[in-house]
A.B. asks: 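Mind having a look at this structure? Questions to follow.
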Amino acid sequence: MIEKNYQPADIEGRMSLVWEDARAFSAGRPDRREADPFTIVIPPPNVTGSLHMGHALNNTLQDILCRFERMRGRDVLWQPGTDHAGIATQMVVERQLMERQQPGRREMGREKFLERVWQWKDESGGTIINQLKRLGASCDWSRERFTMDEGLSKAVVKVFVELHRAGLIYKDKRLVNWDPKLLTAISDLEVQQVEVKGNLWYLRYPLEGKTFSPEDPTSFIVVATTRPETMLGDTAVAVHPEDERYQHLIGKRVILPLVGREIPIVADTYSDPDKGSGAVKVTPAHDFNDFEIGRRHGLPQISVFDKEGCLNLVDNEDYLRELPEASEEFAREFHGIERFAARKKIVERLKNFGFLERIEPNTHMVPHGDRSGVVIEPFLTDQWYVDAKTLAQPAIAAVRSGATTFVPKNWEKTYFDWMENIQPWCISRQLWWGHQIPAWYGPDGKVFVAETEEEAIGHAIGYYVEQEVITPEQGREMALDRNKRAGFITRDEDVLDTWFSSALWPFSTLGWPDDVPEVKRYYPTNVLVTGFDIIFFWVARMMMMGLHFMGEVSFSTVYIHALVRDEKGAKMSKSKGNVIDPLALIDEYGADALRFTLAAMAAQGRDIKLSASRVEGYRNFATKLWNACRFAEMNDCALPEGFEAAKAEETLNRWIAHETAAATREVTEAIEAYRFNDAAGAIYRFVWNVYCDWYLELAKPVLTGPDSAAKAETRAMVAWARDEILKLLHPFMPFITEALWETTADRDGLLTLAPWPHRVDVPTVAEIAALSAASFADPLVPPMAPSLFVPFDASSFKDEAAEAEIGWVVDLVTAIRSVRAEMNIPPATLMPLVLVGASAETGERAPRWTDVIKRLARLSDISFADRAPEGSAQLVVRGEVAALPLKGVVDLAAERTRLGKEIAKADADIERVDKKLGNPNFVAKAAEEVVEEEREKREAAIARKAKLEEALGRLASVG
RNA sequence: GGGCACGUAGCUCAGCGGGAGAGCACUACCUUGACAUGGUAGGGGUCACAGGUUCGAUCCCUGUCGUGCCCA
């Protein structure tokens, strides 16, 4: 029995359990051993994360694809899991320690701290996974993976060692984006450019050999800067080589104010003559552009900050080199001052000595760490790098050749732009939570990269014996005695960027590097579904790693979906406070309604601005379906064994078969083309506007009539079409459809494993037997219902005659209702209908639909006549006149107005078509079908107008 | 400054070379035996603006204005 009211909360939890118990989503089910695999890896959410609208959209789309392919008989693996989110997770746990007033990370030490992080992960790390389950994600939960798992960590180590051996990973001293709060390097992509209202400070740098005076412009050069505090690390001044103002100064030297260092004036095109003073100070150790200028001119790099962003001058050899002794006092005075305080103090000092020309307000972009929120400091450090440029080449080629395609295609441009300008990828992070880099250092700093410490020691001993640092004898002793070699080499303390492990996700989750059958079966994956914002973070890196280590692309299709934005079109973010919580929407309207909304709005290439009213509307759609199924149940509609829809005899039943086939084709083709909104729209219209509005209404007289063959067939057909609807809708609304599937009949299997209506590979009888055998062999696999295999070829079934007949009924009823409403005839008034001058076809059809038409159009009687009775309202349906004779009820003036409006409409049609057909160019140049179509339109409009005028004439003669 | 989108009914959005569509909102009527989380009928748009291509442009091209995003 179906409950009276649809309550999503009541069924969603229960259906989740049903699927789980049946292990419905397990990859490699025995009954699908021979089936084609279909694989999607989930973009792993942060283990610290919770479900936001972007996740909801992303996973809804993946789930639609997975459920669709699962029903099409594929062996689906949707690989779930989370990533360890190095910085975010470490921050979460550190914050927790602080809140509980427990010892901090450094006090407890690395090992203890990592234990705490794991403990946190075990307790709270499952949040987002449970939220994905609430959304209905049909992942193979038994295969859930975590980037810090043993197996995935093994893959990380192997990849690092092999890339290092191949020279594709190396250590280098370069500028990195340094987060002075978190004390780690971060990636370009974790840096947010924020517009900040700052200043341009114009500074006077005295020229060497002149006596500096603020009054004498020939005694100095003015440089403009947004970061005056970095001037302590300046090693040059740059001007544009063609800037006439400065030609005479190129090659001269200036004395750096406050510091006293002599630095050159160089010519470099980076300097923009139109910006500031046209001269810039060059600080290679604290600015990415200056770093490049420094390289071009061979300038020294002087870092003046420490890793916390405080001035570091005392004992700073780079800084103090070649400086006069007096400057040591200055160094002591400024040493240790935080960078923004230093800015104030330095500007003040410059001003006091006349070196500050002026200050100009200037709005510019300043890099901020997206986790810490503090201003990022370009900082010169030793880090590990991946040679991304080399690895990118095959990844670029794979997209060029079409081995991997983007949907929509225009994202390929973005991909190429990024890949072709890719920079070395800094992969080391100064954190504790993550994969510790498998590199060890010998006593002299020599690095040994190996999969294990034992192996590294072996290499080290060999190396140092060869270098005669230790004797062969010492080496032998160390190799044999653990105690003797303790502390000989020390491991790199840093960990790898989280994205380094995520890049391996499509194959590490399958078990690589172990030789397991899953790798062979499920790699390459079929499609990756993601938002464009992580094309760079993730897609590109998976492409690089997949091609290098597997020799094959990671996925053949990348579907890039929209971003979910708020009602103003702004990106949803916590700091803006404009987030809509998907879980709140699920609580209010159900997961099915939310999923359907997201699918219906997921038009390609367009962002989604979500509003709750849409979700409500689709919840109502679910209710509609629920009630339609209740109707079927109340009328004892059931599918008899062996029923064949294609062989139905009743016109109405053939019509719904025709419509079902059309809807099936539409939905199937739309999902295949990733047009989720079209698919959702097609099933929505079919359920509501075809099945509910017309089929069930037209079937009512038959269902409530006397027992007959027609009644039996209609009962079967109502149930059959309902089942087809449940299947077509299942990928979008899995909970309600599975629940109704369970309740509406005695089923042998779950809907989620039932075959898709459009399945091309309808199994033969022999195959069914084999499948059943396989199913029964494994008690966990529910056998498939034999009745599901009754062939109905949705790809080809058509019945145009049924379509024409039911179409006439629909048009007639609609026209009568429209006239009644316009004439203000109360619904309680039953009117007679007269079909005027009916054709033979109509004469045959009408009696077959008397009951239905009477009921739906609220008629007392249907009759035929050659002329419309006096004083009747008349309407034209498919070229024939129907009259509603009701003397006294029909307001003649109103009817005259109504007919006048209809005629005007017909006139407008005729005029528009005439204009076209009157154009000789149109007739000559337009496609023949188009011209023919227009001619037909014209004829129809003229005929319609004639009938209407006739009706108006009759009215005039009466009144 | 460079790149990518987008401006269609009051709102949120589809459509995209030959008759302007949906959901919500709105108006009127309906306690009709599945459903008021509903039914029936209806109102509402110079498809941002200006040029061009075409027999024909909401749709293709160019420009202008406006909005958003990404990158520098």
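Numbered from 1 within each chain, the chains take letters A, B, ... in sequence-line order. Scope of the values below: all heavy atoms of this structure, side chains included, with no hydrogens, waters or symmetry mates.
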A.B. asks: Starting the side chain at C-beta, find the nucleotide from B:rA34, B:rG15, B:rG39 nearest to A:C692.
C.D. replies: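 Comparing B:rA34, B:rG15, B:rG39 against the side chain of A:C692, the answer is B:rA34.
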A.B. asks: Does B:rG21 pair with anything, Watson-Crick or G-U wobble, both distances under 3.5 Å, and if so, with which nucleotide?
C.D. replies: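 Its partner is B:rC13 (Watson-Crick or G-U wobble, both distances under 3.5 Å).
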A.B. asks: Could you check which of B:rA34, B:rG3, B:rU37 has an atom nearest any side-chain atom of A:N627?
C.D. replies: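 Given the options B:rA34, B:rG3, B:rU37, the side chain of A:N627 is closest to B:rA34.
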A.B. asks: Name the nucleic acid region contacted by A:E936, choosing base, sugar-phosphate or nothing; use a 4.0 angstrom heavy-atom cut-off, strictly under.
C.D. replies: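 Here A:E936 touches no strand at all.
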A.B. asks: Choose from B:rC35, B:rA34, B:rU12 the nucleotide whose nearest atom is closest to any side-chain atom of A:M601.
C.D. replies: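 Selected nucleotide: B:rU12.
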A.B. asks: Checking side-chain contact (heavy atoms from CB on, under 4.5 Å) for the pair A:M1/A:E633: CA distance, chi angles, key distance, verdict?
C.D. replies: CA-CA 8 Å; A:M1 269 289 284; A:E633 184 180 69; 3.7 Å; yes
A.B. asks: With rounding to whole Å, what would you report as the distance between B:rG56 and B:rG68 at their P atoms?
C.D. replies: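 After rounding to an integer number of Å, I get 37 Å for this pair.
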A.B. asks: Quantified in whole Å, what is the C1' atom distance between nucleotide B:rA57 and nucleotide B:rG51?
C.D. replies: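 Comparing C1' positions in B:rA57 and B:rG51 gives a spacing of 13 Å.
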A.B. asks: Which value, in whole Å, describes the distance between the P atoms of nucleotides B:rC4 and B:rU8?
C.D. replies: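 Taking atom P in both B:rC4 and B:rU8, they lie 22 Å apart.
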A.B. asks: Can you tell me if CD on A:E360 sees more than 12 non-hydrogen neighbours from other groups inside 6.0 Å?
C.D. replies: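 Counting other residues, nucleotides and ligands, CD of A:E360 exceeds 12 neighbours.
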A.B. asks: Scan nucleotides 20-29 of chain B nucleotide by nucleotide, 5' to 3', and note B when protein non-hydrogen atoms come under 4.0 Å of the base, S if they reach only the sugar-phosphate, - if neither.
C.D. replies: ---SS----S
A.B. asks: Quantified in whole Å, what is the C1' atom distance between nucleotide B:rA28 and nucleotide B:rC61?
C.D. replies: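 B:rA28 and B:rC61 have their C1' atoms separated by 47 Å.
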A.B. asks: Would you say A:K937 reaches B:rG18's phosphate, i.e. side-chain N/O to OP1/OP2 under 4.0 Å?
C.D. replies: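 So the side-chain polar atoms of A:K937 never come under 4.0 Å of the phosphate oxygens OP1 or OP2 of B:rG18.
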A.B. asks: Touch check for A:E934, heavy atoms < 4.0 angstrom, all strands: base, sugar-phosphate only, or nothing?
C.D. replies: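 Sugar-phosphate, backbone atoms only, no base.
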A.B. asks: Have a look at A:T414 and say if it touches a base, only the backbone sugar-phosphate, or nothing, with a 4.0 Å heavy-atom cut-off.
C.D. replies: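 Since no nucleic acid heavy atom lies under 4.0 Å of A:T414, the category is nothing.
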A.B. asks: Which part of the nucleic acid, if any, lies within reach of A:R817 when heavy atoms closer than 4.0 Å are counted: base, sugar-phosphate only, or nothing?
C.D. replies: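 Counting heavy atoms under 4.0 Å across all strands, the contact made by A:R817 is with sugar-phosphate only.
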A.B. asks: Can you tell me, in whole Å, how much space there is between the C1' of B:rG52 and that of B:rC59?
C.D. replies: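 Looking at atom C1' only, B:rG52 and B:rC59 are 15 Å apart.
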A.B. asks: Rounded to whole angstrom, note down the C1' distance from B:rA72 over to B:rA14.
C.D. replies: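 Approximately 35 Å lies between the C1' atom of B:rA72 and that of B:rA14.
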A.B. asks: Determine whether A:R630 and A:E3 satisfy the following criterion, salt bridge (charged side-chain N to carboxylate O under 4.0 Å, His left out), listing intermediate values before the conclusion.
C.D. replies: CA-CA 8 Å; A:R630 278 184 69 221; A:E3 295 288 326; over 6 Å; no
A.B. asks: Please enumerate all residues that pass side chain to side chain contact (heavy atoms under 4.5 Å, CB included) together with A:N177, with sequence neighbours excluded.
C.D. replies: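 Scan of A:N177 (side chain to side chain contact (heavy atoms under 4.5 Å, CB included), adjacent residues dropped) gives A:I186, A:D188, A:V191, A:F288, A:I376.
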A.B. asks: Could you identify the nucleotide paired to B:rC35, looking across every strand shown and requiring Watson-Crick or G-U wobble geometry with both distances under 3.5 Å?
C.D. replies: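 Per the H-bond distance test, none.
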A.B. asks: Salt bridge or not between A:E822 and A:R898? Use side-chain N to carboxylate O under 4.0 Å.
C.D. replies: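 No.
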A.B. asks: Angle class for the A:Y618/A:F596 ring planes (parallel below 30°, perpendicular above 60°, tilted otherwise)?
C.D. replies: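 Ring orientation of A:Y618 relative to A:F596: tilted.
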A.B. asks: How is A:A632 classified with respect to the nucleic acid when contacts are heavy atoms under 4.0 Å: base, sugar-phosphate, or nothing?
C.D. replies: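 Result for A:A632 = nothing.
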A.B. asks: Roughly how far apart, to the nearest Å, are B:rA20 and B:rA25 at atom P?
C.D. replies: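 Per the computed distance, 27 Å lies between those P atoms.
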A.B. asks: If the P atom of B:rA22 is compared with that of B:rA9, how far apart are they to the nearest Å?
C.D. replies: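 B:rA22 and B:rA9 have their P atoms separated by 13 Å.
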A.B. asks: What's the closest nucleotide to the A:K413 side chain, out of B:rG38, B:rG3, B:rG18?
C.D. replies: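 Closest of the options to the side chain of A:K413: B:rG3.
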A.B. asks: Counting Watson-Crick and G-U wobble pairs only, both distances under 3.5 Å, name the nucleotide matched with B:rA5, or none.
C.D. replies: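 Answer to the pairing question: B:rU67, which forms a Watson-Crick or G-U pair with B:rA5.
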A.B. asks: Tell me what A:K700 touches on the nucleic acid: a base, only sugar-phosphate, or nothing, going by heavy atoms under 4.0 Å.
C.D. replies: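 Result for A:K700 = base.
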A.B. asks: Pairing check on B:rA50: which nucleotide meets the Watson-Crick or G-U wobble criteria with it, both distances under 3.5 Å?
C.D. replies: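 When the pairing criteria are applied, B:rU62 turns out to be the nucleotide that pairs with B:rA50.
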A.B. asks: If pairing requires Watson-Crick or G-U wobble contacts with both distances under 3.5 Å, which nucleotide is the partner of B:rC26?
C.D. replies: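 Partner of B:rC26: B:rG42.
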A.B. asks: I'd like a table of donor-acceptor pairs (distance under 3.5 Å, sequence neighbours excluded) in which one partner is a side-chain atom from residues 938-945 of chain A, with atom names and distances.
C.D. replies:
unit_1, atom_1, unit_2, atom_2, d
A:R938, NE, A:D914, OD1, 2.3
A:R938, NH2, A:D914, OD1, 3.4
A:R944, NH1, A:V876, O, 3.0
A:R944, NH2, A:E902, OE1, 2.7
A:K945, NZ, A:D907, OD1, 2.8

A.B. asks: If you count every heavy atom of other residues, nucleotides or ligands that lies below 6.0 Å from A:K937 atom NZ, does the total exceed 12?
C.D. replies: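 Yes, the 6.0 Å shell around NZ holds more than 12 heavy atoms from other groups.
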